[in-house]
Q: 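Okay, here's the structure, questions in a sec.
Convention: sequence-line order gives letters A, B, ...; per-chain numbering from 1.
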2 protein chains.
Amino acid sequence: MRSILTSVQKSCTLLKLFLNAEKELGVSDLSRKLQISKGAVHKLLITLESEGFIKQNPNNKLYSLGYTLLELGTKVKDNHDWAEFAKPSIQKLADYTKELACFCIIDGQDAMYIDKIESQYPIRFNVEAYRRFPLYATSASRVILAYCSPEMIDQVLSQPFKQYTPYSITDPEEMKQRLAKIRQLGYEISSNLRNIGVTGIAAPIFDAEGKVAASISLIGPTDRMTQNLDHWADTVVQTTQKLSRHFGYKL
Amino acid sequence: MRSILTSVQKSCTLLKLFLNAEKELGVSDLSRKLQISKGAVHKLLITLESEGFIKQNPNNKLYSLGYTLLELGTKVKDNHDWAEFAKPSIQKLADYTKELACFCIIDGQDAMYIDKIESQYPIRFNVEAYRRFPLYATSASRVILAYCSPEMIDQVLSQPFKQYTPYSITDPEEMKQRLAKIRQLGYEISSNLRNIGVTGIAAPIFDAEGKVAASISLIGPTDRMTQNLDHWADTVVQTTQKLSRHFGYKL
DNA sequence: GTTTATCGTTCACTATATGTGAACATCGTT
DNA sequence: AACGATGTTCACATATAGTGAACGATAAAC
């Protein structure tokens, strides 16, 4: 059962290389990063270019991501119903608290914000939508991870953690205890774990089958957040519980 | 010189099938659409799924586009500088005219709106951003096509035209004359060619090398548009000329 | 409740497409 | 002018992609 097509896999990896690199990349550079010959990379690029997934800058011969990806990405956004479903809720949350309200989903081994309403305060924190990050990294993703299967949790925690700040958790056991505490409380409040001076409050959303599906979080500067911490934790939890019920989840 | 990788090409075509189809597609359906065996399609899907380009709905086993495409599409949007460059201009245009103002680019054989400011009138027309359409289809794309190379124009006009309305141009010769008129005037005003009761005004933007790079258009209900037609054509042309100069284009 | 049709998945096999590595052309720098 | 780097092309041998049939599961039809 060898069902992975190597050339297709290579082309996917190639495209994803652009996510954490310069806007434009050259053949030799890609060849080194992918560890395949220049000729092969060139064929990949020609093929992807003919499909609009890649485009070449005629001036410097370098390659960048093509507009077909933008077209497909827009289609993905149009597809997912629950972002539209959750939008009124995070809007209401943001209006009420004046802080950044986010809707976060799990996809494979990663998390991703797929909707957000930004804070209107002059001093504010912001996140990047449609960008993957590890499940252990933020309160928004940890409240999802906490309700995943034990195997899933073990798999995620078996990889080394990126230390975003001096306060980031790096010990798997400590993380496990934190996840247990999330299951006990039903939400999480965390500070300085990914960004110094930033506090997040997050709670999970469950679907009709009782499986965790997404989360909602409130993020902002710690000094402002601490003024209403308990009240806002309540508000976030009530919001997610309402959404879970909308999804058909029974307490 | 066989430099097209068939499996990569197939995977790209497969992904693009979702653009004009249901949200979810099955293996057999895709097999018929792609004209390759079910087993091969399955391998393609497994590979794409392992990279996050496709995801399978566990309930009905059907496949849909994955979030990695959203991630890549967002990166494409972040990359292109000129949309941000043009944004103030179309914003100003929309504020002044109260109609839909669009920024349109050419990519390969297609056109695409990559930015727009919508009209605030209760009765208004709208377009879909980040969606390909043929170069001959709208005034926004025709003013680009008009300044393309003769070979490019011939190639585009050699394919049969889609008849969006009873008034749509279907004769290549008639289209050529229209393009000639665009080059003569420097802009185009068109009505009912793609949508009945809708009028568009468009003018091209040139880069430093004098090559056509994009266009700006103003679109709205014909009855409202006709009240200020000449004045607004002037305004659009002035906007594009200003942007062309910003790009380094010399008259 | 049984049959039928259709679906997604798996498998062994062969033709074929793929990746290699070297040679080439082109550019900017030294 | 020589160099080093680039992107591009090519012929070839090997690994691989696509076939077509069989499987099990599911849902519709009788």
Q: L14(B) has an atom CG; how far is it from atom C1' of dA17(D), in whole Å?
A: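 Checked: the CG to C1' distance equals 15 Å.
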Q: How many Å lie between CD1 on I4(A) and P on dT9(C), as a whole number?
A: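 About 13 Å, once rounded to whole Å.
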Q: What is the distance from NZ of K61(A) to C1' of dG28(C), rounded to the nearest Å?
A: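 It is 14 Å, rounded to the nearest whole Å.
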Q: Any base atoms under 4.0 Å from L62(A), or only sugar-phosphate, or nothing? Heavy atoms, all strands.
A: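 Here L62(A) touches the backbone only, sparing every base.
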Q: Taking the side chain as every heavy atom from C-beta outward, state whether I114(B) and Y130(B) have any atom pair closer than 4.5 Å.
A: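 Yes, close enough: below the 4.5 Å cut-off.
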Q: Can you tell me if S7(B) touches the phosphate of dT18(C), counting only side-chain N or O atoms and a distance under 4.0 Å to OP1 or OP2?
A: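 Affirmative; the distance criterion is met.
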Q: I'd like to know if E71(B) pairs up with K16(A) as an ion pair, taking the criterion as any Lys NZ or Arg NE/NH1/NH2 lying under 4.0 Å from an Asp or Glu carboxylate oxygen.
A: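 Between K16(A) and E71(B) there is no salt bridge, as every charged N stays at least 4.0 Å from the carboxylate O atoms.
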Q: Please examine the side chains of Y67(A) and D110(B), heavy atoms only from C-beta on, and report whether any two atoms are closer than 4.5 Å.
A: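 Of all side-chain heavy-atom pairs linking Y67(A) with D110(B), none is under 4.5 Å.
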Q: Output one line per pair: protein atom, nucleotide atom from nucleotides 20-27 of chain C, and distance, for all N/O pairs under 3.5 Å.
A:
unit_1: dT20(C); atom_1: OP2; unit_2: S37(A); atom_2: N; d: 2.7
unit_1: dT20(C); atom_1: OP2; unit_2: S37(A); atom_2: OG; d: 2.7

Q: Is the distance from OP1 or OP2 of dT9(C) to the nearest side-chain N or O of Y63(B) less than 4.0 Å?
A: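 Affirmative; the distance criterion is met.
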Q: In whole Å, what is the span from the CG atom of N60(B) to the P atom of dT6(C)?
A: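 Answer to the nearest Å: 19 Å.
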Q: Give a yes/no answer on whether the side chain of H42(B) brings an N or O atom under 4.0 Å of OP1 or OP2 in dT9(C).
A: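 For dT9(C), OP1 or OP2 has a side-chain N or O of H42(B) closer than 4.0 Å.
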Q: OP1, OP2 of dT18(C) versus side-chain N and O of Q9(A): anything below 4.0 Å?
A: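 Indeed not, no polar side-chain atom of Q9(A) lies that close.
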Q: In whole angstrom, give the distance that lies between atom CG of N57(A) and atom C1' of dT6(D).
A: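 In whole Å, dT6(D) C1' and N57(A) CG are 14 Å from each other.
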Q: With a sphere of 6.0 Å drawn around CD of Q163(B), does it hold more than 12 non-hydrogen atoms of other residues, nucleotides or ligands?
A: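 It does: Q163(B) CD has more than 12 such atoms within range.
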Q: Is T6(A) near enough to dT18(C) that one of its side-chain N or O atoms lies under 4.0 angstrom from OP1 or OP2?
A: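 Result: no.
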Q: Evaluate the ring planes of Y113(A) and F133(A), with Trp represented by its six-membered ring, and classify them as parallel (under 30°), tilted (30 to 60°) or perpendicular (over 60°).
A: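 Tilted: the ring planes of Y113(A) and F133(A) meet at 30° to 60°.
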Q: Would you indicate whether the side-chain heavy atoms of Y147(B) and I182(B) approach each other to under 4.5 Å?
A: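 Sidechains of Y147(B) and I182(B): in contact.
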Q: Do we see a donor-acceptor contact under 3.5 Å between the side chains of R142(A) and S215(A)?
A: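 Short answer, no.
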Q: Just how far, in rounded Å, is P of dG8(C) from CD1 of I46(B)?
A: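 Result: 12 Å.
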Q: Report yes if the side chains of L19(B) and R131(B) come closer than 4.5 Å at any heavy-atom pair, otherwise no.
A: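 L19(B) reaches R131(B) side chain to side chain.
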Q: Quick one, which residues of residues 21-33 of chain A touch DNA chain D with a heavy atom under 4.0 Å?
A: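 The stretch gives G26(A), V27(A), S28(A), R32(A) as the residues lying under 4.0 Å from the strand, ordered by number.
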Q: For the pair K77(B) and D115(B), find out whether any cationic side-chain nitrogen is under 4.0 Å from an anionic carboxylate oxygen.
A: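 Salt bridge flag = no for D115(B) with K77(B).
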